[in-house]
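To start, the structure itself, in structure tokens.
These figures come from a predicted structure and were not determined experimentally. Hydrogens, waters and symmetry mates play no part in the numbers below; they use all other heavy atoms, side chains included.
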Amino acid sequence: MENEIKAALIRLLKGIKDSDTQETLDGMDALEALSAEYRGKMHPQLAHFLERRSYAKALDFLGGEGVVTRGRCAPR
């Protein structure tokens, strides 16, 4: 599950970075389908990031590049 979500996030963020509309849309579609499929099964923090469209934070949470920064959405 997490590997599928991570791959969709990478695809989406790459599409955004490359200004590739089709890649961005494909990544969004994949994320929406995976979120619906795994709703209630994923970690609550990951679900929160995806619901809020905090895609970079979601990728960080899954072990992508960068670090999740503390902010209003971070647990205290």
Side-chain angles (χ1 to χ4, degrees):
M1 165 183 71
E2 289 184 351
N3 287 333
E4 292 175 276
I5 294 170
K6 185 175 179 180
L9 284 164
I10 290 170
R11 184 176 192 179
L12 169 64
L13 294 173
K14 183 179 182 317
I16 292 169
K17 180 182 175 196
D18 295 343
S19 298
D20 184 334
T21 302
Q22 190 59 52
E23 191 75 8
T24 302
L25 291 173
D26 290 346
M28 285 291 293
D29 289 344
L31 273 178
E32 287 178 13
L34 291 167
S35 292
E37 180 178 351
Y38 296 122
R39 189 174 318 279
K41 297 177 186 174
M42 69 177 75
H43 190 282
Q45 188 69 48
L46 177 59
H48 173 78
F49 289 146
L50 294 176
E51 287 170 8
R52 300 281 189 232
R53 298 184 186 261
S54 298
Y55 300 126
K57 288 182 180 182
L59 184 58
D60 287 344
F61 181 85
L62 294 172
E65 296 297 316
V67 178
V68 175
T69 57
R70 293 184 70 78
R72 292 189 343 223
C73 297
R76 292 185 170 36

Quiz item: Measuring from Asp18:CG to Glu23:CD, what's the distance to the nearest 0.5 Å?
Solution: 8.0 Å
Exercise. May I ask you to check whether over 12 heavy atoms, not counting those of Glu4, lie within 6.0 Å of atom CD?
Key: yes
Quiz item: Measuring from His48:NE2 to Lys57:NZ, what's the distance to the nearest 0.5 Å?
Solution: 7.0 Å
Practice problem: Flag yes if more than 12 heavy atoms outside Asn3 fall under 6.0 Å of its CG atom; otherwise flag no. | Solution: no
Side-chain donor-acceptor contacts of residues 25-32 below 3.5 Å, not counting sequence neighbours, with atom names and distances?
residue	atom	partner	partner atom	Å
Asp26	OD1	Gln22	NE2	2.8
Asp26	OD2	Arg11	NH2	3.1

Quiz prompt | Closest approach of Ile10 to Leu59 (non-hydrogen atoms, all atoms of both residues) | solution = CG1-CD1, 3.9 Å
Exercise. Starting at NZ of Lys41, measure out to CG of Leu46 and round the result to the nearest 0.5 Å.
Key: 14.5 Å
Practice problem: Quick one: do Leu34 and Leu50 satisfy side chain to side chain contact (heavy atoms under 4.5 Å, CB included)? Show the steps, please. | Solution: CA-CA 10 Å; Leu34 291 167; Leu50 294 176; over 6 Å; no
Practice problem: Hey, can you tell me if Phe61 and Phe49 have their rings parallel, tilted or perpendicular (30° and 60° cut-offs)? | Solution: perpendicular
Quiz item: How long is the gap from CE on Met42 to OG on Ser35, to the nearest 0.5 Å?
Solution: 4.5 Å
